[in-house]
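Quick one: this structure, given as structure tokens, is what I'll be asking you about.
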Amino acid sequence: MQGKISMDLSFCQSEEGFSLDELVSKLADVYERKAFSELLKMILQMVQEIQMYRILHGQADAMKCCSHGHLRLNGSFERRIRTSLGEFKMTFWCVSCSACGKTFSPLQRFIHLGRYQTKTNELEKLIVEAASETNYRRAVQELTRDGKLPVSFHTAHGWVLRTDCDEIDISKRVIGSAPIQIMPDGTGFKGEGRNGEARKGDLKVVIGITTSGEIFPLGSWAGTSWDAINKQWKEQEMKFPDGSILICDGELGLSEAFAEYASEQQRCHWHINRDLYHAMYQDGGRKADSKPIQDALAGALAIELPQEDFKYVSEKEKDDIEERMEKTESAIDQLIGYLDGHGYEAAATYMRRAKIGMFGYIRRWLKWGLISPRASSMVERIMRELGRRIKKIAYGWSDKGVTKVARIILKRFANATAWEEYWQKRMEIIGNVVIGVGNYKCVSQNLGQ
């Protein structure tokens, strides 16, 4: 199907001259306000006329409703459609089948427009991405400045809450069959409260990392405990491949909730060293007391694994690494005893819990030959991006709203390629439309002032 559209452009200027800036501004304004949306409407009208001609002349077999009947005109309806190029009203002609009586719009089917759809998917993508980076009011203002269709921030907020682009697939197809790294983390936010007072909310996030370094989201929850997330995963019969490792900080209940989904646990070494100071501080310890212990602990934890392929590492070298790990664990036991003996009960309890997953990365390497990080820096970077949006830019979130935006950010920033592929599929961009511009012809005419 091929068509050609001609358009007249008239202009009137002062005989005393004008600035180039004014001409550019006026031309951009008329195209953004009228021309783009009218061109879009004209193309659709042309396509519809060709379709109806073929239907009425029996040339549109693909449009038939069933094999026995024929199509005939049966009224029309008008639909307002919003796009990033502008808003326009389109009249859709309807046809009905003489056999089954079904009525539909051929054009609506042809352009894959939903039955009640009033906006394009590409406009929804622009709104969703803008809202995931800044607050709703500023997002729509920036889109308007960029020449996109003006949308109120209330409308944008409603679109984001109703979109399904945040749905996270955690099927076996996504997780794969190779071992992965499971990284959960949590952060606080200011939630909507009563009488103008913000309540303290809690957001939890889990991401997965494949052996090739690809990041994919496993979910986000607001106002939910780690134990409740574990129960939800049990109901969904969540399972991860053998050799998967859980990498997390020392948040209470976190490692216990996800221990059954991983073959090994790895406590974040950065958090172990940092949080030891806070644990000692609870029992009256100060920086002068904790600094020597922190320095010694950092040196004890620094057990480096060989960079070469596991199968090329000698058995003696593997034995040496395992022996050093066991000696360090014995030293950690002595440290726990020292802390207990000097009244640092909170610090001793913290180190006792941290020791369980302190060297999970070594055990995983010795058993599976897989390298894994010793710190949860990957999920921390994603949490910083989440925190920037939900804590520094806006507040007063509902649990539903913050969960929605968090999932969108996870999908966008954890795996940008998968995000773009999702929208390419959603918008069905497969190269079925080609638009070209022909030669220009200018006719001068004195229009007066």
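The figures that follow rest on heavy atoms only: side chains count, while hydrogens, waters and symmetry mates do not.
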Apply side chain to side chain contact (heavy atoms under 4.5 Å, CB included) to residues Leu27 and Tyr31 and explain how you reach the verdict. CA-CA 6 Å; Leu27 186 62; Tyr31 265 82; 3.7 Å; yes
Within a reach of under 6.0 Å around NE2 of His154, are more than 12 heavy atoms found that belong to other residues, nucleotides or ligands?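 It does not: His154 NE2 has 12 such atoms or fewer within range.
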Run the salt bridge (charged side-chain N to carboxylate O under 4.0 Å, His left out) test against Glu385 and tell me which residues pass, sequence neighbours left out.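 Once residues adjacent in sequence are excluded, the partners of Glu385 under the salt bridge (charged side-chain N to carboxylate O under 4.0 Å, His left out) criterion are Arg388.
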Are the ring centres of Tyr136 and Trp159 closer than 6.0 Å?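 No.
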Mind checking the CG-CD1 spacing from Asp185 to Ile382? Nearest 0.5 Å is all I need.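 If I round to the nearest 0.5 Å, the distance is 10.0 Å.
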Expected output: side-chain Ser98 to main-chain His70 donor-acceptor under 3.5 Å: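 Judged by distance alone, yes, a pair lies under 3.5 Å.
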Quick one: are Ile207 and Phe216 in side-chain contact, heavy atoms under 4.5 Å?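 Sidechains of Phe216 and Ile207: no contact.
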Minimum heavy-atom separation for Thr210 and Ile180, please, with both atom names.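 Between these two residues, the closest heavy atoms are CA-CG2, 4.4 Å.
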Could you go through Thr91 and Gln48, starting from their C-alpha distance and side-chain angles, then the distance that decides it, and tell me whether this counts as side chain to side chain contact (heavy atoms under 4.5 Å, CB included)? CA-CA 10 Å; Thr91 300; Gln48 183 167 237; 5.6 Å; no
Would you say Arg407's side chain and Ser220's backbone share a donor-acceptor pair under 3.5 angstrom?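 Yes; judged by distance alone, with no hydrogens or angles, the pair exists.
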Asn135 side chain vs Arg138 backbone, donor-acceptor pair below 3.5 Å: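 Yes: the side chain of Asn135 pairs with the backbone of Arg138.
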To the closest 0.5 Å, what do you measure between CD (Glu49) and CE (Met52)?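 Those atoms lie 10.5 Å apart.
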Is a side-chain donor or acceptor of Lys400 paired with a backbone partner of Leu161 at a separation under 3.5 angstrom?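 No; judged by distance alone, with no hydrogens or angles, the pair does not exist.
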Show the nearest heavy-atom pair for residues Ile175 and Met238, with the distance to one decimal.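 Result for this residue pair: CD1-CE, 4.3 Å.
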Between the main-chain N or O of Val379 and the side-chain N or O of Ser376, is there a donor-acceptor pair closer than 3.5 Å?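 Side chain of Ser376 to backbone of Val379: no pair is present.
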Please enumerate all residues that pass side-chain hydrogen bond (donor to acceptor under 3.5 Å, both in side chains) together with Ser25, with sequence neighbours excluded.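 side-chain hydrogen bond (donor to acceptor under 3.5 Å, both in side chains) check on Ser25 returns nothing, list empty.
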Step-by-step salt bridge (Lys or Arg N to Asp or Glu O under 4.0 Å) determination, Arg426 to Asp164: CA-CA 11 Å; Arg426 173 91 176 269; Asp164 60 357; 3.4 Å; yes
Salt bridge or not between Glu315 and Lys318? Use side-chain N to carboxylate O under 4.0 Å.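 So Glu315 pairs with Lys318 through a salt bridge.
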Kindly compute the distance separating CD (Glu142) from NZ (Lys148), expressed to the nearest 0.5 Å.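 Rounded to the nearest 0.5 Å, the CD-NZ separation comes to 13.5 Å.
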Regarding Glu420 and Lys125, does a basic nitrogen lie under 4.0 Å from an acidic carboxylate oxygen?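 Looking at Glu420 and Lys125, the cut-off is met.
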Closest non-hydrogen atom pair between Asn230 and Ala257, with its separation: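 In terms of heavy atoms, the two residues are closest at CG-O, 3.2 Å.
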Assess whether side chain to side chain contact (heavy atoms under 4.5 Å, CB included) is satisfied between Ile371 and Phe310, documenting all intermediate values. CA-CA 9 Å; Ile371 297 289; Phe310 180 76; over 6 Å; no
Does a side-chain heavy-atom distance below 4.5 Å link Met46 with Ile50?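 Sidechains of Ile50 and Met46: in contact.
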Taking the six-membered ring of Phe413 as reference, does the cationic atom of Arg384 (NZ for Lys, CZ for Arg) lie under 6.0 Å from its centre and within 45° of its axis?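 Pair Arg384/Phe413 does not count as cation-pi.
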Using the ring of each side chain (for Trp, its six-membered ring), is Tyr261 parallel, tilted or perpendicular to Phe258, with breaks at 30° and 60°?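 Rings of Tyr261 and Phe258: tilted, as their planes differ by 30° to 60°.
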Applying salt bridge (Lys or Arg N to Asp or Glu O under 4.0 Å) to Asp399 and Arg199, what does each step give before you reach the verdict? CA-CA 11 Å; Asp399 286 347; Arg199 65 178 175 86; 2.8 Å; yes
Main-chain N/O of Met358 paired to Gln266 side chain as donor or acceptor, under 3.5 Å: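 Yes, because the side chain of Gln266 sits within donor-acceptor range (under 3.5 Å) of the backbone of Met358.
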Could you check whether any side-chain heavy atom of Trp365 comes within less than 4.5 Å of a side-chain heavy atom of Pro306, counting everything from C-beta outward?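 The answer is yes; the side chains approach within 4.5 Å.
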Could you go through the side chain to side chain donor-acceptor pair (under 3.5 Å) check for Glu251 and Trp226 one step at a time? CA-CA 10 Å; Glu251 186 176 344; Trp226 291 117; 3.0 Å; yes
Using the side chain to side chain donor-acceptor pair (under 3.5 Å) rule, take Asp21 and Ser19 through it: C-alpha gap first, then chi angles, then the decisive distance, then the call. CA-CA 5 Å; Asp21 295 315; Ser19 70; 5.0 Å; no
Please assess Arg162 against Glu124 for the test salt bridge (Lys or Arg N to Asp or Glu O under 4.0 Å), listing each intermediate value before the final yes or no. CA-CA 10 Å; Arg162 289 191 297 269; Glu124 181 180 320; over 6 Å; no
Interatomic distance, Leu123 atom CG to Glu87 atom CD [nearest 0.5 angstrom]: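 Going from CG on Leu123 over to CD on Glu87, the span is 10.0 Å.
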Below 4.5 Å, heavy atoms only, C-beta onward: do Ile247 and Tyr361 meet side chain to side chain?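 SC-SC contact between Ile247 and Tyr361 ruled out.
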Does any part of the side chain of Cys248, heavy atoms only, come nearer than 4.5 Å to the side chain of Pro184, both counted from C-beta?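 When only atoms from C-beta onward are counted, Cys248 and Pro184 do touch, with a gap below 4.5 Å.
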Check: Gln108 side chain, Gly114 main-chain N or O, donor-acceptor pair, under 3.5 Å: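 Pair found, side chain donor or acceptor close to backbone of Gly114.
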Show the numbers, then the answer: is there a side chain to side chain donor-acceptor pair (under 3.5 Å) between Ser84 and Glu122? CA-CA 7 Å; Ser84 62; Glu122 51 87 30; 2.6 Å; yes
For the residue pair Lys391 / Thr187, report whether a side-chain donor-acceptor contact shorter than 3.5 Å exists.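 Looking only at side-chain atoms, Lys391 and Thr187 do form a donor-acceptor pair, the distance falling under 3.5 Å.
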Under 3.5 Å, side chain of Arg412 to main-chain N/O of Glu129, donor-acceptor pair present?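 Present.
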Could you walk me through whether Ser212 and Glu214 pass side chain to side chain donor-acceptor pair (under 3.5 Å), step by step? CA-CA 6 Å; Ser212 61; Glu214 182 181 353; 4.7 Å; no
Can you tell me if CD on Gln307 sees more than 12 non-hydrogen neighbours from other groups inside 6.0 Å?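 No, not enclosed.
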Less than 4.5 Å apart, side chain to side chain, heavy atoms only: is that true for Ile408 and Val128?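 Counting from C-beta outward, Ile408 and Val128 do come under 4.5 Å.
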Interatomic distance, Leu203 atom CG to Ile390 atom CD1 [nearest 0.5 angstrom]: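 The CG atom of Leu203 sits 4.5 Å away from the CD1 atom of Ile390.
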For Ser37 and Lys34, work out which heavy atoms get closest and say how close.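 Smallest interatomic distance, heavy atoms only, reads OG-O, 3.0 Å.
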Verify the neighbour count for atom NZ of Lys190: are there more than 12 heavy atoms of other residues, nucleotides or ligands below 6.0 Å?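 No.
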Check whether any side-chain heavy atom of Leu370 sits under 4.5 Å from a side-chain heavy atom of Pro179, and report yes or no.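 Touching, per the 4.5 Å side-chain cut-off.
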Gln181 side chain to Ser372 backbone, donor-acceptor under 3.5 Å: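 Side chain of Gln181 to backbone of Ser372: no pair is present.
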Please lay out, stage by stage, how Lys41 and Ile81 fare under the test side chain to side chain contact (heavy atoms under 4.5 Å, CB included). CA-CA 10 Å; Lys41 181 178 179 179; Ile81 302 176; over 6 Å; no
Would you check if there is a donor-acceptor pair between the side chains of Glu264 and Trp368 at a distance under 3.5 Å?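 Distance-only check fails for Trp368 and Glu264.
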Are Val151 and Lys119 packed together at the side-chain level, in the sense that at least one heavy-atom pair is separated by less than 4.5 angstrom?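 A side-chain contact is absent here, since even the closest heavy-atom pair is not under 4.5 Å.
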Short side-chain to backbone donor-acceptor contact, Arg79 and Gln117, under 3.5 Å: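 Side chain of Arg79 to backbone of Gln117, a donor-acceptor pair under 3.5 Å: yes, one is there.
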Interatomic distance, Arg364 atom CZ to Ile362 atom CD1 [nearest 0.5 angstrom]: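 Going from the CZ atom of Arg364 to the CD1 atom of Ile362 covers 13.5 Å.
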